[in-house]
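Read the structure below first, then the notes.
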Amino acid sequence: MNFKTRTHTCGELRESNIGESVVLNGWVDNRRDLGGVIFIDLRDRYGITQVVFESSIDDKAYNLAKDLRSEFVISVEGTVRKRPDDTDNDKIPTGHIDVMIENLVILNKAETPPFQIKDNLDVGEDLKLKYRFLDLRRGDMQRNMLLRHKMAQLARNYFDQNSFIEVETPVLMKSTPEGARDFLVPSRLHRGKFYALPQSPQTYKQLLMVSGYDRYFQITKCFRDEDLRADRQLEFTQIDVEMSFVDVDDIFSMIEPLMQKFFKEIWGKELTLPIQRISYDDAMEKYGSDKPDLRYGLEMVTLNDVVKDSEFKVFKDNVKDNHIVTGLLAKGCGDYKRNQLDVLTDFVKKLGAGGLIWMRVKEEGLEAPIAKFLSEDEKANIIKSMNAEPGDLIFILSGVKYKTFDIMGSLRTEMAKRMELIKEDADPAILWVTDFPLLEWDDETERFYAMHHPFTSPRVEDLDKLASDPGKVKARAYDLVLNGHEIAGGSIRIHDAKVQAQMFKALGIGDEEAEAKFGFLMDAFKYGAPPHGGIAFGFDRLAMIFAGESSIREVIAFPKTTSGISLMDDSPSLVGDDQLKELHIKVREAKKQAE
RNA sequence: GGGAUCGUAGUUCAGUUUGGUUAGAACGCCUGCCUGUCACGCAGGAGGUCGCGAGUUCGAGUCUCGUCGGUCCCGCCA
């Protein structure tokens, strides 16, 4: 070896080390050549230490140091020294010392990197991703990776201490195309057959409960072949949890202290337990979302009662049809100009609204295009119900219940942005959303789908409705929501084969189909399945929020672009004819598809 | 599958509205000077397929069409 092993990292030396002979290894972060003296900021993932070259100390090292450039990898040996008066650097922890270098070894030179290795980098994401190995060298990214690591360790330790065991489940599994699109892996040994990559370890963890493992967790990759977003990747990591002999409250009281730890250890903030709960119906009615951001109020108000006798046709018809009339109060926005209101009208129209009713609240009453259709009583009641004052702006949307809530919810978040309601130092807002509907009707295929997944247990009191009125059945399902992001979701599962059969029936899945798709699970339930339930965190999203980032790519070491490409290794890529042949895939077709 | 937006030096951008001489700035890079800098300073310098391809035009970074790529959103994500 032509260099010495480091005695310290680049973030370690302090005044207490003065006089010590030390060896540092690292990357050249910056070079300041003042002629007779050369300063190098030496960097590793622990920090930066200034090392000094002077010809009076060592002429050979000094002359060699003249050739140092950014990102060269070097090993230096020297003596820790107190900095001369008035030359301390208070910005870094090592700023009160520097190291006078007696020996320099250049371990590797480096080309000028395509972007500077520095914090708060302003560079195109495609370049960052192409040179991810350099991007990851930056302090920002290293802090994110470290934060992610810490959270994973906190979770591991927490579950371990609570008697959970981590069990690895297969990555090659059976395709069960309910829900997201599967990634398929062609089988070489079995012509024409495919494995699927797991969308989640859902079925395996339930089987582990049947096996008596009682408390299971796993931090594991999941795969979904759907379009990407700022908070969605093709492959992502879940903290997957399952417990036996539990009900909803038991899951909550197991998970809440973990959240408290995250708050404390990562943010240094106290989280008071229990975490508040809101039912899905309330969340939709008040916030128009099943993952409401409660860092600000801006609650929606249902106005059906207020306008039930209205002469205004839109109100009258919607109330009559059991639809929804919902209002949103934008405090102090009464001065919004017509063009601003037009932009917002376009905004809701794009989401499927027929239009947007707006009313400016004046001293003398309501000023609105529809004012002439409303009685004085009605106008006064609207102002009163909305708790509006002169200078405010009222929005009203009406239409089919959940769709209208949903659109108003989008307008709510849009207005929160425009009104700058989320302050930089705002306290995080966390909540459980509970009592989700069990099923969701799909107009296109004209059948119900499981809102969560087909193993989710209905509420006991709703069991009889499963056959008669499936749309009304609520599930023992819940989401954990932080700052308007769904960070975890779970449910109590069905452990009774009879209930599961009813569920499949409601979903329009026949006995044969159920047997083919989930036979192994149904079979297992015949041999003593305990009541069980669990939850899974979207770990990337969780880390993103705790890191204060707005894209999960910032907390994933090697992410893909929005089009699912890895710019660094250029995957997905074409493969050789021989590989395709082995997998029984017709070469010509595969080639043609790729073009 | 759809919508929006961006693409000009190594990087971040200006220039595109209204087509017209040699496409600019900052940072970075290179050379020289400088013994206490830490966003070092000073002097000088190099660096461009204006994403790609067609078209309109006497003339295109600028206009039109197509295409590729990044980002954000809708659909989709049990």
Side-chain angles (χ1 to χ4, degrees), chain A residues 29-42 48-57 62 66 69-71 81 83-92 94-95 98 100 111-131 134 176-182 199-200 202-203 222-234 236 346-347 349-352 406-407 410 413-414 436 438-440 442 444 448-456 475 477 486 489 491 503 507 509 517-518 536 538 541 550-551 553 560-563 565 567 570:
Chain A
D29 191 64
N30 194 16
R31 166 185 62 110
R32 291 176 295 280
D33 183 348
L34 273 65
V37 59
I38 298 169
F39 297 99
I40 298 289
D41 289 337
L42 193 61
I48 284 177
T49 299
Q50 174 168 277
V51 301
V52 189
F53 297 87
E54 276 181 28
S55 56
S56 61
I57 304 287
Y62 171 75
K66 285 181 182 168
R69 293 294 182 272
S70 289
E71 303 312 313
R81 209 190 56 170
R83 291 196 181 192
D85 288 346
D86 299 325
T87 61
D88 284 3
N89 182 353
D90 292 326
K91 289 178 201 159
I92 54 175
T94 61
D98 48 27
M100 300 303 289
E111 288 183 19
T112 304
F115 49 80
Q116 288 172 260
I117 310 301
K118 61 172 191 181
D119 289 358
N120 302 316
L121 182 71
D122 186 13
V123 67
E125 188 141 10
D126 41 351
L127 201 67
K128 274 165 61 97
L129 290 180
K130 182 169 182 192
Y131 295 95
L134 292 179
T176 50
E178 283 282 306
R181 194 177 290 114
D182 278 331
Q199 300 176 22
S200 96
Q202 185 61 37
T203 48
C222 302
F223 306 85
R224 292 178 191 172
D225 190 5
E226 298 292 344
D227 286 4
L228 295 81
R229 288 281 194 287
D231 62 352
R232 267 161 43 186
Q233 286 270 307
L234 298 176
F236 59 99
D346 279 348
F347 177 83
K349 276 186 175 172
K350 273 182 192 154
L351 297 172
D406 188 57
I407 296 168
S410 299
T413 40
E414 176 66 19
F436 276 80
L438 184 69
L439 304 164
E440 207 172 15
D442 181 58
E444 230 169 85
F448 281 106
Y449 283 87
M451 194 148 178
H452 194 51
H453 56 58
F455 318 113
T456 302
E486 177 195 332
S491 63
M503 178 69 172
L507 289 169
I509 298 176
K517 283 181 176 167
F518 309 109
R541 263 184 220 174
S550 49
S551 159
R553 292 185 298 270
K560 300 194 171 40
T561 67
T562 339
S563 63
I565 289 170
L567 293 173
D570 195 32

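The chains referred to below are lettered A, B, ... by the order of the sequence lines, with proteins before strands, and numbering in each begins at 1.
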request  = Write down the distance between CD (A:E111) and P (B:U11), rounded to a whole number of angstrom.
outcome  = 14 Å
query = Does A:R229 get its side chain close enough to the base of B:G75, under 3.5 Å, for a donor-acceptor pair?
reply = yes
ask   = So, does the side chain of A:D86 form a donor-acceptor pair with the base of B:G36 at under 3.5 Å?
value = no
task = Indicate, with a heavy-atom threshold strictly under 4.0 Å, whether A:R553 touches base, sugar-phosphate, or nothing.
result = sugar-phosphate
note = Using Watson-Crick geometry (N1-N3 plus N6-O4 or O6-N4) or G-U wobble (N1-O2, O6-N3), each under 3.5 Å, B:U18 is paired with none
note = Smallest heavy-atom separation, A:S550 atom then A:A230 atom, equals O-CB, 3.9 Å
What protein N or O atoms touch nucleotides 39-43 of chain B N or O atoms at under 3.5 angstrom, if any, and at what distances?
from: B:A39; atom 1: OP2; to: A:K91; atom 2: NZ; distance (Å): 2.7
from: B:C40; atom 1: OP1; to: A:N30; atom 2: ND2; distance (Å): 3.2
from: B:C40; atom 1: OP2; to: A:N30; atom 2: ND2; distance (Å): 2.5
from: B:C40; atom 1: N4; to: A:D33; atom 2: O; distance (Å): 2.6

ask   = How far, in whole Å, is B:G36 from B:U21 if one measures between their C1' atoms?
value = 49 Å
ask   = From B:G36, B:G70, B:U31, pick the nucleotide closest to the side chain of A:E125?
value = B:G70
query = Centroid-to-centroid, A:F518 to A:F455, below 6.0 Å?
reply = yes
key: Spacing between A:K66 atom NZ and B:C30 atom C1', to the nearest angstrom   = 17 Å
query = In the strands shown, is B:A46 matched to any nucleotide by a Watson-Crick or G-U wobble pair with both distances under 3.5 Å, and which?
reply = none
ask   = Can you check the A:R69 CZ to B:C29 C1' distance for me, whole Å?
value = 9 Å
inquiry  = Using a heavy-atom cut-off of 4.0 Å across all strands, would you classify A:S200 as base, sugar-phosphate, or nothing?
reply    = base
ask   = Can you name the nearest heavy-atom pair linking A:R69 to A:K66, along with the distance?
value = NH1-O, 3.1 Å
task = Mark up nucleotides 2-10 of chain B, 5' to 3', with B wherever a protein heavy atom is under 4.0 angstrom from a base atom, S wherever such an atom reaches only the sugar-phosphate, and - elsewhere.
result = --------S
remark   = Of the candidates B:C76, B:U71, B:G36, the side chain of A:R232 sits closest to B:C76
request  = Please determine, for the side chain of A:D122, which listed nucleotide (B:C77, B:U12, B:G70) has the closest atom?
outcome  = B:U12
message = What's A:F39 touching, base or sugar-phosphate or nothing? Going by heavy atoms closer than 4.0 Å.
response = base
query = If you take all heavy atoms of A:R232 and A:D227, which pair is closest and at what distance?
reply = NH2-O, 2.9 Å
ask   = For B:U57, which nucleotide is its Watson-Crick or G-U wobble mate, given both distances must be under 3.5 Å?
value = none
message = Using the C1' atom as the point on both nucleotides, what is the distance between B:G41 and B:C50, in whole Å?
response = 34 Å
inquiry  = Any non-hydrogen side-chain atom of A:L129 less than 4.5 Å from a side-chain atom of A:T561?
reply    = yes
request  = Mind calculating the distance between OH (A:Y449) and P (B:C76) to the nearest angstrom?
outcome  = 11 Å
C1' gap between B:G28 and B:U11, integer Å = 7 Å
request  = In whole angstrom, give me the gap between the C1' atoms of B:U56 and B:U64.
outcome  = 7 Å
ask   = If every non-hydrogen atom of A:I407 is compared with every non-hydrogen atom of A:G352, which pair is closest and at what distance?
value = CD1-C, 3.8 Å
ask   = Is the closest side-chain donor-acceptor distance between A:Q50 and A:N89 under 3.5 Å?
value = no
task = Would you mind telling me which residue lines up with the more 5' stretch of RNA chain B, A:Q199 or A:R83, judged by nearest nucleotide?
result = A:R83
ask   = Contact class for A:Q202 (heavy atom, under 4.0 Å): base, sugar-phosphate, or nothing?
value = base
ask   = For atom NZ of A:K517, is the number of surrounding heavy atoms from other residues, nucleotides or ligands below 6.0 Å larger than 12?
value = yes
First encountered from the 5' end of RNA chain B, between A:S55 and A:T176 = A:S55
Phosphate-side-chain proximity, A:T112 and B:C29, N/O vs OP1/OP2 below 4.0 Å = no
key: Out of B:C29, B:U11, B:G75, whichever nucleotide has its closest atom nearest the side chain of A:V123   = B:U11
request  = Under a 3.5 Å limit for both distances, which nucleotide forms a Watson-Crick or G-U wobble pair with B:G7, could you say?
outcome  = B:C68
note = To the nearest angstrom, the CG-C1' distance between A:D442 and B:C77 comes to 14 Å
request  = For residues A:F236 and A:R224, determine if any side-chain heavy atom of one lies less than 4.5 Å from a side-chain heavy atom of the other.
outcome  = yes
inquiry  = Please give me the minimum heavy-atom distance between A:F436 and A:M451, naming the atom from each residue.
reply    = CD2-CE, 4.0 Å
task = List the atom of A:L507, the atom of A:A450, and the distance in Å for their closest heavy-atom pair.
result = CD2-N, 3.3 Å
inquiry  = What's the gap between B:U8 and B:U71 when it is taken at their P atoms, as a whole Å value?
reply    = 15 Å
inquiry  = Tell me which nucleotide, if any, is Watson-Crick or G-U wobble paired with B:G36 when both distances must be under 3.5 Å.
reply    = none
query = B:C73 P sits how many Å from A:I407 CD1, rounded?
reply = 18 Å
query = Taking C-beta and beyond as the side chain, do A:F53 and A:I40 meet within less than 4.5 Å on heavy atoms?
reply = yes
request  = Could you check how far CG of A:D182 sits from P of B:C77, rounded to whole Å?
outcome  = 12 Å
task = Provide the distance between the two P atoms, one in B:G2 and one in B:U67, to the nearest whole Å.
result = 10 Å
query = For atom C1', what is the distance between B:U18 and B:U22, given to the nearest Å?
reply = 22 Å
message = Any side-chain N or O of A:S563 below 4.0 angstrom from OP1/OP2 of B:G70?
response = yes
query = Taking atom C1' of B:U37 as reference, at what distance in whole Å does atom CG of A:D88 sit?
reply = 13 Å
